[in-house]
Amino acid sequence: MSGLVWFVIIIVGLLVAAYVFRLAGQAITSNAPKFRDMTFGVAFGYIFGATLFVWATYYYFQPKITGVGTPNAGVIFFRWAVQGFIIASIAAFLFRVFGRAVGTEVTKKLFRSMPLTASFGILVIILYAITAIFAGSIAPYGESEILGAANVLAGGDITAGGDPAYPLGTDQIGRDILSRLIFGARNTVGIAFITTCLAFFIGGSLGFLAATLQGWLDQLLSRSVDVLMAIPSLIFALLLMTIASVWSIKLGVPLTIFMVLIIAVIDSTRVYRLARAVGLNIVVMDYIEAAKLRGEGLGYLVFKEILPNAMAPLLAEFGLRFCFVFLTIAALSFLGVGIQPPLADWGTMVRDLGPFINFAAFIPTAAVSPLLAAGAIALLTVAVNFVVDWMLHKTSGLQE
Amino acid sequence: MSDLLTVKDLWIEGRSDEMWNPIINGCSLNLKKGEVLGMIGESGAGKSTIGLACMGYTRDGVRISKGSVVFDGIDLVTASARVKRDFLGKRIAYVAQSAAASFNPAHKIIDQHTEAPVQHGVSGRGESVEDGIELYRKLRLPNPEEIGFRFPHQVSGGQLQRAMTAMAMSCRPDLIIFDEPTTALDVTTQIEVLASIRQIVEEYNTAAIYITHDLAVVAQMADRIKVLLKGDEVEESDTRTMLSDPQKEYTKSLWAVRAFQRPVKPLATEGSVPVVSVRNITAAYGTTDVLHEVSFDVHAGRTVAVVGESGSGKSTVARCITGLLLPRAGEVAFDGKVLPANYKKRSKAQLRQAQMIYQMADTALNPRKTIGQIIGRPVQFYMGLKGVEKRERVNELLDQIELEPSQYFNRLPSELSGGQKQRVGIARALAAEPKFIICDEVTSALDQLVAEGILRLLADLQDTLGLSYMFITHDLATVKSIADEVVVMKDGKVVEQGPKTSMFTPPHHAYTDLLLSSVPEMDPDWLTNLLQERGVDNIGDAAVNKM
Amino acid sequence: MQSILKIVLQRLGLGIVTLFVVSIVIFVAVNSLPGDFAQAILGQGATPESIATIRRDLGLDQPLILRYFIWLKGMLTFDLGTSFAQLNFANFGGAGTTTVAEQIAPRLSNTMFLASVTACIAVPLAVTLGVLAALYRNTAFDKAANMFTLSSISSPEFFMAYVLILFFAVLNPIFPSLSNIYDGMPFSERLEKSMLPALTLTLVVTAHMMRMTRAAIISLLASPYIEMARLKGLSPMRVIIVHALPNALAPIINVIALNLAYLITGVVVVEVVFVYPGIGQLFVDSVKIRDIPVVQACCLIFAAAYILLNLTADILSIISNPRLRHPK
């Protein structure tokens with residue numbers, strides 16, 4: 001209950017402070033328009049932001065060790081988060097400076113109008129791509145190599161249950177977590193990428209076909225897609241995976257291949273919808289009518305007139321779809337029905353390492369490995385989303 | 001008498017690409033009580049921005065960087081939001097271009113009408129409703145007692161525009177800003193709205209700023225005219241002086257547009273085979289007929305203008321000729337031979353003979369292709385030219401449309417102005433070396449000066465290449481300047497057709513007469529005379545409905 | 001009123017047809033399993049007699065179409081059959097089998113509880129924040145909110161779940177990290193135990209809802225009639241309440257319904273993380289042991305809820321559209 005009382009007191013305090021702040025501002029600047037026309041909400045926002053900032057600074061400089069000698073894990077994590085945020089911002093900033101100076105005129109121009117979030121996103125995507133491609137040479141150990149010690153904690157500090165040979169520790173059967181994270185980039189990201197491409201191939205080609213030809217084909221495809229989309233995608237994927245798991249044993253085909261096909265088909269419905277909508281918007285344009293009246297064939301219409309104009313929305317959609325596929329695969333793996341061992345995969349790693357979190361209060365580094373695996377997933381999707389957000393904003397013009 | 005509104009050295013900036021760019025460069029104006037100022041300029045001249053700034057209002061991403069807007073002694077640029085709110089709606093009101101979008105779809109018209117007076121404490125709701133009905137009656141809205149109790153989407157565009165004028169009047173403001181209130185309307189609807197706006201402004205002695213791009217309209221409405229060009233003032237003087245004796249080059253060129261007139265050609269020889277002959281076409285969208293027994297001929301080297309208001313079926317005729325819409329009955333013949341109804345069944349040679357130029361150059365050119373590719377495609381497709389030959393032919397075509405080949409060949413449509421895009425559309429049609437071109441409202445999306453350039457180009461091309469045009473338009477001024485024959489359409493039927501000379505001299509068919517009489521003229525007394533001549537109930541839509 | 005009723009009825013009919021077709025899809029998918037259910041239940045060591053018995057019990061000797069209608073009838077009368085796991089258990093001498101319906105019912109009510117708690121927190125929060133972000137767009141608040149929601153949409157549910165566990169269960173033991181709920185638990189305790197899963201779902205759903213609300217309000221505020229209202233000199237509050245709100249209702253209701261539908265997917269992972277005894281966890285467990293009748297039933301329930309919510313969104317937005325409510 002006292003928590004609630006405190007909450008109310010803080011809110012009221014902030015409200016009063018906001019009122020005083022605006023009043024003081026008006027008095028000091030002799031009613032300058034900035035303060036005169038300031039709404040109470042804005043004043044509250046300033047005060048709230050300032051309070052948050054002061055608290056964060058205060059908390060950041062709390063000692064790492066509590067009075068009774070136990071590590072103050074909250075402070076440690078907070079410092080890591082803040083440092084990570086600052087480093088990421090600086091990296092993104094430097095990357096943008098780099099992009100503005102190096103490259104062709106077109107890329108330079110792109111970088112000039114780019115927000116920091118987008119340059120951060122591009123940087124992360126590049127790093128992931130490098131990790132995935134060169135996983136074999138970067139990783140210190142093999143993908144499923146079982147090493148001496150199991151359950152070594154991250155940090156490399158022997159007194160805290162770590163080992164310098166395994167900077168991020170080892171898992172429950174003694175595989176190096178850093179290596180598995182690196183190989184995971186190849187497996188998880190690679191499989192998601194292939195799946196998305198497949199979904200785009202299926203959904204995109206059918207969507208454009210439906211938009212260009214219309215008529216009964218369009219009706220048939222669209223109604224089928226309606227039905228498939230009426231089942232929530234993760235649920236549908238789980239259902240089909242159940243069936244696929246039986247088939248996979250019977251046919252001797254790895255379950256992962258079934259998973260790629262299943263998710264590609266489920267996701268192609270969403271791609272179909274978009275491709276069809278984009279296609280329909282383009283088909284009604286006068287230049288398409290002009291081309292039709294010229295006597296152009298279907299191939300010319302689709303590839304020369306429609307497709308080039310659909311690239312921008314499709315590219316943005318590719319990013320979003322990739323995130324979605326990536327998250328679906330991660331969720332399936334986390335639930336134990338996705339990418340199968342011995343392939344290293346982030347979703348599976350989170351499931352296996354999850355329980356370590358419960359020790360974080362005593363040894364903060366214990367929480368590192370499960371969070372890193374989950375964070376690796378989150379970081380990539382965040383990065384892709386940042387880039388897509390920027391692209392959509394750019395193509396939609398000066399909407400807001 | 002002191003000035004009601006004084007704008008002094010107003011500078012306005014707009015935000016784009018993370019930068020503030022100037023929109024208005026030092027505009028000044030003043031307005032006395034009861035005076036109407038016409039503000040005229042092409043698109044992008046900043047007319048609306050100034051209009052809104054006169055209310056102390058700027059849209060998102062726009063700011064007033066310098067200058068003052070003094071209304072009745074108070075500077076609206078520096079006034080607080082609260083002070084400004086007290087003026088808006090009560091003493092300064094606004095009438096927007098699109099009434100359909102500017103009425104809130106969720107509330108009844110009368111509720112929106114009474115909102116300003118009630119909120120500003122000018123009058124009570126009951127009183128205000130009474131007043132609204134009275135205003136509706138004055139503006140000659142049908143069913144004034146009842147129309148206000150409908151929702152906006154239940155009322156037609158022209159009526160909504162008048163209801164909005166009534167709404168602006170609800171607090172009897174000292175100043176109303178009219179922002180292109182009739183631009184989206186057909187001529188017969190426009191004239192009614194113009195007449196009612198003028199009447200009510202005079203009756204209540206309201207000052208007004210009337211923003212438009214149409215000279216003839218502003219000539220009827222304004223006491224003084226101010227001409228703007230790309231955010232700069234060109235000149236300002238009272239209406240009659242401005243019309244008869246413009247000082248600046250730009251103004252003179254604007255005025256001259258209306259003077260463009262092609263020499264009258266002799267009639268086509270009796271018995272010659274027409275290039276295109278439309279015979280008794282009846283067509284329908286779904287089950288509703290939109291064309292009834294439409295017939296006309298287009299002879300070699302001549303221009304047939306098909307005129308009508310929106311919904312008259314003029315564009316549908318074009319769709320039937322090109323074969324995009326299959327007529328239920330009737331046929332289209334080319335050089336005397338009947339064409340297959342469906343364009344898919346026509347041969348390449350048949351398709352090549354008839355080309356089309358579209359209204360919206362933006363959607364008519366593929367934004368991902370360069371000008372060279374756009375014009376080159378039909379050259380290659382129909383003529384089979386490749387490589388250097390193709391390039392030479394495209395250059396020749398670019399020369400014909402007066403665009404420098406080396407400069408424009410590799411550009412994308414987005415890098416061109418509206419007029420240049422329209423020229424590229426013309427070149428694409430010419431590339432097929434056709435005999436016959438359909439021009440579908442080709443000038444209606446363009447500013448007057450640019451439109452005139454396009455019309456001149458089309459006329460020159462016709463003379464040199466011997467082309468035949470079918471010119472679809474709603475603008476009678478265009479018809480006057482370019483047509484040889486005129487076909488007037490209404491509700492999918494041909495009302496009257498014949499050579500231009502006879503069409504523009506009485507006697508006319510009643511509908512043609514109404515259409516002609518509704519086109520505003522540059523004479524400032526035109527509307528007054530027309531009203532005197534015919535009476536308020538015999539103009540515009542009211543008269544159409546009587547037919 | 002006539003036309004709007006017609007449209008609503010049409011949508012309802014369409015929803016029922018969709019559900020019907022979806023049930024066929026699920027049934028066909030499940031019956032595309034290689035071999036036989038009976039074989040699958042009993043494993044390799046089964047005798048032909050026991051297989052025959054099971055086949056008869058399950059009605060597997062009937063033709064496919066007949067079996068579909070028997071199954072459909074069962075679904076409509078809440079007779080969802082018997083779970084394979086239970087059947088197997090009985091087969092090996094265990095006593096007293098429970099039906100799928102008995103298994104699902106308490107789980108379903110637990111999930112409904114979790115979803116309602118989430119909705120109660122998320123909907124007001126998301127709508128308020130979304131409207132604020134739209135009103136103060138392009139300010140620091142809006143940009144921070146944009147970054148935060150984008151990150152939270154992008155993160156997998158289990159990442160959020162573990163972060164919340166780390167901060168609110170491990171480092172600051174405020175809520176329990178295990179949601180072992182049972183029947184007859186007092187409401188307050190139940191609420192406390194469901195808090196972390198509910199918060200996880202809230203984070204995910206709020207982000208979506210807030211972004212969509214913001215977009216809807218921004219496009220609304222850009223409309224000419226809002227400008228007109230401002231130019232009438234109305235107070236900002238009145239512009240929002242009288243002019244924006246009635247038109248914003250439709251898109252916002254739509255956003256809420258769509259996101260509640262989205263909850264259905266999210267609930268599966270979150271229930272697994274927190275070991276919350278809901279239908280999502282049952283579903284995942286059954287998937288792992290290939291307990292077909294349970295998988296089938298759960299799948300249909302999820303699909304039905306999803307279709308129902310989308311239908312609600314559709315119908316509510318039709319009803320709140322003045323153009324349809326007051327036809328010409």
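Letters A, B, ... mirror the listed sequences (proteins, then strands); counts begin at 1. From a predicted model like this one, the values you see are computed outputs, not experimental measurements. Atoms considered below: every heavy atom in the structure, side chains included; atoms not considered: hydrogens, waters and symmetry mates.
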(message) Sort by residue number and list every residue of residues 118-130 of chain B having at least one heavy atom under 4.5 Å from chain C.
(response) Gln119(B), His120(B)
(request) Output the distance between atom CD1 (Ile177(B)) and atom CG (Leu231(C)), rounded to the nearest 0.5 Å. (result) 9.5 Å
(message) What's the separation between atom CG in Asn104(B) and atom CE in Met228(C), rounded to the nearest 0.5 Å?
(response) 11.5 Å
(message) Please find the pair of heavy atoms, one from Lys232(C) and one from Ala116(B), that lie closest to each other, and give the distance.
(response) CD-CB, 4.3 Å
(message) Taking 4.5 Å as the heavy-atom cut-off, does anything in residues 16-29 of chain C contact chain B, and if so which residues?
(response) none
(message) For Tyr225(C) versus Pro105(B), what's the shortest heavy-atom pair and its separation?
(response) CE2-CD, 3.5 Å
(message) Under a 4.5 Å cutoff for heavy-atom pairs, which residue among Arg82(B), Lys90(B), Met167(B), Lys84(B) has the most contacts with chain C?
(response) Met167(B)
(message) Report which part of Arg230(C) has an atom under 4.5 Å of a heavy atom belonging to chain B: side chain, backbone, both, or neither.
(response) both
(message) Does any backbone or side-chain atom of Tyr94(B) lie under 4.5 Å from a heavy atom of chain C? Answer side chain, backbone, both or neither.
(response) both
(message) For Phe148(C), is the CZ atom crowded, meaning more than 12 foreign heavy atoms sit under 6.0 Å from it?
(response) no
(message) Nearest 0.5 Å, please: how far is CG in Leu234(C) from CD in Glu115(B)?
(response) 4.5 Å
(request) For His107(B) and Val242(C), indicate whether the former's side chain and the latter's backbone hold a donor-acceptor pair under 3.5 Å. (result) yes
(request) Heavy-atom distances under 4.5 Å only: say whether Asp86(B) touches chain C with side chain, backbone, both or neither. (result) neither
(request) Identify which part of Ala93(B) has an atom lying under 4.5 Å from any heavy atom of chain C, answering side chain, backbone, both or neither. (result) neither
(request) Measure Gln97(B) against the heavy atoms of chain C and call it side chain, backbone, both or neither at under 4.5 Å. (result) neither
(request) Decide if atom CZ of Arg238(C) counts as having more than 12 heavy atoms of other residues, nucleotides or ligands within a radius under 6.0 Å. (result) yes
